Amino acid sequence: MVEIEKTVGEEGKELVIHKKAPNHGAIFKELIDIVGEEYVMDKSASLFVYSGDMTENVPHMPEFVVAPITVDEIQKIILLANRERIPVVPFVSGSNLGGLTIPLEGGIIVDLKRMNKILEVNERDQYAIIEAGVTFADIKDYLDKNHPNLIFTYTYATPAAGVVPNVLLEGLVTLSAKYGTTVAFINGLEAVLPTGEIVKVGSCATSKYWFSRNPLPDLIGLFTSWQGMTGIVTKIAVQLDPKPAYTGIKMIMSDEIHESFQLMEELGRAQICDNIIMFNWGLAFAVIQMPREIAGSEKDESAPTIYLEMDYSAVNTIKEFEAKGEIIESLAKKYECGLWDYKDVGDGITKVLDVPMTFAGLFTHGPGGLTWIGAYGPCSQYETAWNVANEVFSRHPRFTPWLYAKTFKHGHFGAMRTLIGFDRSNAEEVRETRVLIREMAKALMDIGYIPYKTPVEIAEMVLERSDPNFALFMKKIKNALDPNRIMNPGRWGL
Amino acid sequence: MTEIENWTHMCTRCGTCHNVYKLKLWEKSIPDWLTVCPAGEKYGFEPYFPSGKMWIARGITEGKLELDDPELLKIIYSCTLCGNCEKQCQTDILKEHITDIIETLRERVVEAGLGPMPKQKEFGEWTKKEHNPYLESHENRLSWLPFDKSELPEKADIIYFVGCTSSYRQKNIASATANILKKLGVNFTILKDEWCCGSPLQRTGQSKIARECAEHNIEILKNAGAKRVVTSCAGCYRMLVKDYKERYGLDYDFEIIHFPDFLLDLLNKGELKLEKSINRTITYHDPCHIGRHMGIYDSPREMLEKIPGIKLVEMERIKENAWCCGSGGGVKSSFSDLAMFAAKERCDEALKTGAQALVSTCPFCWRNLNDAIEANNLNLKMYDLVELIWEIIQ
């Protein structure tokens, strides 16, 4: 544990500064030798930008920021960090909403943005091998220009979000109803372990093709949801899909919550949608910026309570596409839910439906703070989770409830996301946000959901509720892989 | 700083400002998620992107960062203030003020005696003495004039405000402009005591000197009986129209016209005839100062398309999304590597269109883009729009 030198600012706007390594100057010089003078920073102004993110999590100053461009440079940085026992935190855009790139114990931030090459696209085997800093904008741009018949799924974040962190942290995407979280898109990866070895995991460990994580022992899980604690992933192969010839979106706007969730569950099992997402009136206005007369700026009697969006597509024929649309219509009729074509909902919806979407209304809502509890759980508990989340929000009326639920993997599980926009310049509001986050995590865990991309405090809550041997198992793995505890120390409370 | 304190809190560092923002990506007519920030793309680190600068501004306003931080000067001055980020940011209020915040930071470091960058300080000091930032003598300001200055009347309805870059460096643009005016028989003059418009000073935080320049220029323009002021410089145009009024609160009742707009008006009225053909494929670079900053995108294109023989082809990033040439905001003088990086990228983009020539309407863009063409031996010819017009009518 790196000692804290001081904390500046009042609670809610605080900044933690750690003591520098006794041989700071020598480490700085060595980092320059590794990556070049232009790509190392150690002064406060630069470090401050990496100290925090848009969430309520307490910022911590790193000691260095370094921007390597090769795997060899990353390996050298890791070896140096081991020798000096200095923490290392990987970073691409820092927009994960879990405070996951905040250097809890100071140390070296490794900004991977320069590693932005798409190394290979295999059209016949439908995968792309990309470097660690590739963004959703990069891959979209590259595929459109060079492989227009292929798509990669898209995240619910800004185009500057990194693909590799997103898939390692189980992001939810536009094809989640088919495939699940983005972890499902990983075919294989290359990583520098915390002790400096470079490893390949997945079929690429044995074959020249990065076609699958099977059939070798699946070690990809050693890197997913570990929040950068088990190494730096330098390359990853992600699955691509054929670009559909036909795409469509249908929507339901309703006050009938129970029926809508029943429909959502059945739609998952029907296996026809790429994306199924239920969002509330708050999100409808904030993100999608639906016309006020449709969504309302505050919940009033005229505004529908919930909005169910169903995206579907067909790769082959219009007949296939129309058949899917007919099934959606028939299920909607069964539950007496009225359908809208999305073109009737207003132009603002394109901000979320056209990819890569910016989610502009969320990230840019004004006061500058955005956080969440995102939790995965069983589809059978959608409605309960929805009600529980609303109840927690009702205890904190200063925050507009922003909720959405998503179906994963044809209804095998789902997500409940509760988003909180807050005023980061108001310390008191930041403090209340922290309370709300804890309450929300507890309430969702009480009904069987599990938060993901968790900040430390919530991660600790998760482990407290877990089988003690699960936590012990995690610790053993972490200690085995990272004996000097250099990789993103403090995450998961480990 | 109170106002900017409120603005800086609005930035979540979401990264929307890194790329061209679009809504309907499936539509073929909309370009890809192309990059927009020269400093961010050149240096790679978060602090060099606009969002990083917003966070640094917040750190300063909250007292968590000091102005004398050794890396601060490089970060806040390695920005061309092109304003492309403001076109991509989707946060209301903040998106109007990103460059204002950076300029305010620059003013703060100048007030504290810590800035600007050494070369910028040198041209600031020189401007106080000789009224130009190019370390040239004020008495040589009109040395480019293609005819005897005695031919210039003391007063005229139309005044050509030349600007320093055209007076001392891109004399080709000044000469072409004056020649066109003379050839067309326009009753115009050029002020012998014109000073720097103040743009390079204002943009580098030296607002006190910039204001002095502005006050002087307004006074002499009024004294000369100006009814219309034409300028061939995008930076001067922005200063005269926007900064003089909005920032310094200076009042005047004459009209300021960017020279290509003046020419388009003459062309539409039949007072300018383009009869000779120029058979060339060209692409147009939008200068930040008249494009994003002043909203002039279409008239230079309209003018170019009316030149017989010209085939105008567009680059990927145009109009509000145009990639900056890299010279503005004091970058050309203090971060030549960044200026050259941005200009090279723009020239490469121009070459991709198949154009033989790159045309702009700003002497500063001309200079930096041409430097990149020469340094990289590119098969591209640089023009200002007025040079093409003069080529036709001379």
Side-chain angles (χ1 to χ4, degrees), chain A residues 8-9 13 15 38-39 41-54 59 65 67 69 91 93-95 111 113-114 135-138 140-142 144-145 157-161 247 347 350-351 354-370 423-426, chain B residues 5-27 31-35 40 42-49 51-56 58-67 69-76 88-95 337:
Chain A
V8 297
K13 293 173 82 171
L15 170 67
E38 268 190 271
Y39 299 109
M41 300 191 297
D42 74 336
K43 304 295 185 296
S44 297
S46 308
L47 302 178
F48 180 74
V49 180
Y50 291 87
S51 67
D53 59 15
M54 63 186 87
V65 182
I69 198 165
F91 180 102
S93 74
S95 58
D111 189 331
K113 270 197 283 296
R114 292 176 68 215
T135 66
F136 278 86
D138 293 333
K140 166 76 179 155
D141 184 26
Y142 187 86
D144 280 355
K145 281 181 180 159
T158 64
T247 60
D347 286 343
T350 57
K351 288 188 179 180
D354 288 310
V355 292
M357 71 283 288
T358 65
F359 247 30
L362 279 190
F363 291 112
T364 61
H365 65 95
L370 181 68
D423 182 353
R424 65 188 308 136
S425 67
N426 180 339
Chain B
E5 188 175 0
N6 293 332
W7 300 334
T8 56
H9 278 104
M10 294 172 178
C11 177
T12 55
R13 212 188 62 213
C14 69
T16 304
C17 56
H18 293 203
N19 300 91
V20 174
Y21 176 85
K22 292 173 301 297
L23 287 182
K24 296 190 173 185
L25 207 73
W26 297 122
E27 286 186 5
D32 303 299
W33 288 91
L34 298 162
T35 53
K42 163 74 179 158
Y43 299 119
F45 286 113
E46 287 290 316
Y48 292 95
F49 285 102
S51 45
K53 293 182 175 79
M54 296 304 97
W55 276 46
I56 286 169
R58 181 165 63 80
I60 289 167
T61 58
E62 285 182 347
K64 289 171 182 158
L65 292 175
E66 300 296 332
L67 284 173
D69 184 282
E71 279 173 352
L72 185 70
L73 277 193
K74 182 183 174 194
I75 291 167
I76 66 172
Q88 318 310 335
C89 174
Q90 297 298 304
T91 304
D92 286 341
I93 305 175
L94 176 64
K95 67 184 175 189
D337 58 337

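Below, read A as the first sequence line, B as the second, and so on, with proteins coming before strands; counting in each chain starts at 1. Computed from a predicted model, the values in this text were never measured in an experiment.
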Novice: With a 4.5 angstrom heavy-atom cut-off, could you sort out which part of B:I93 is near chain A: side chain, backbone, both or neither?
Specialist: neither

Novice: Below 4.5 Å from any heavy atom of chain B, which atoms of A:F91 appear? Answer side chain, backbone, both or neither.
Specialist: side chain

Novice: Using side-chain heavy atoms (C-beta onward) and a distance below 4.5 Å, is A:M41 in contact with B:P47?
Specialist: yes

Novice: Could you tell me which residues satisfy side chain to side chain contact (heavy atoms under 4.5 Å, CB included) with B:K42, sequence neighbours excluded, listed by chain and number?
Specialist: A:E38, B:D337, B:L338, B:F341

Novice: Below 4.5 Å, heavy atoms only, C-beta onward: do A:S46 and B:I75 meet side chain to side chain?
Specialist: yes

Novice: Which atoms of A:S93 are under 4.5 Å from chain B, going by heavy atoms: the side chain, the backbone, both sets, or neither?
Specialist: backbone

Novice: Could you report the tightest heavy-atom contact between B:D69 and A:A45, atom names first, then the distance?
Specialist: OD2-N, 2.9 Å

Novice: My understanding is that only residues two or more places apart in sequence, or in another chain, count here; which of them pass salt bridge (Lys or Arg N to Asp or Glu O under 4.0 Å) with B:R13?
Specialist: B:E46

Novice: So for B:E66, is it side chain, backbone, both, or neither that comes closer than 4.5 Å to the heavy atoms of chain A?
Specialist: neither

Novice: Find the distance between OH (B:Y43) and CZ (A:R114) and round it off to the nearest 0.5 Å.
Specialist: 13.0 Å

Novice: Of the non-hydrogen atoms in A:K113 and B:G44, which two are nearest, and what is the gap between them?
Specialist: CE-O, 3.3 Å

Novice: How long is the span from the CG atom in B:N19 to the OG1 atom in A:T135, to the nearest 0.5 Å?
Specialist: 6.0 Å

Novice: Where is the tightest heavy-atom contact between A:A160 and B:G15, given as atom of each residue plus distance?
Specialist: CB-O, 3.5 Å

Novice: What distance separates A:N426 CG from B:H9 NE2, expressed to the nearest 0.5 Å?
Specialist: 9.5 Å

Novice: For A:R424 versus B:C11, what's the shortest heavy-atom pair and its separation?
Specialist: NH1-O, 4.3 Å

Novice: Could you tell me the separation between the OG atom of A:S44 and the NZ atom of B:K64, rounded to the nearest 0.5 Å?
Specialist: 13.0 Å

Novice: Over all heavy atoms of both residues, which pair between A:V65 and B:F45 is shortest? Give the atoms and the distance, please.
Specialist: CG1-CE2, 3.6 Å

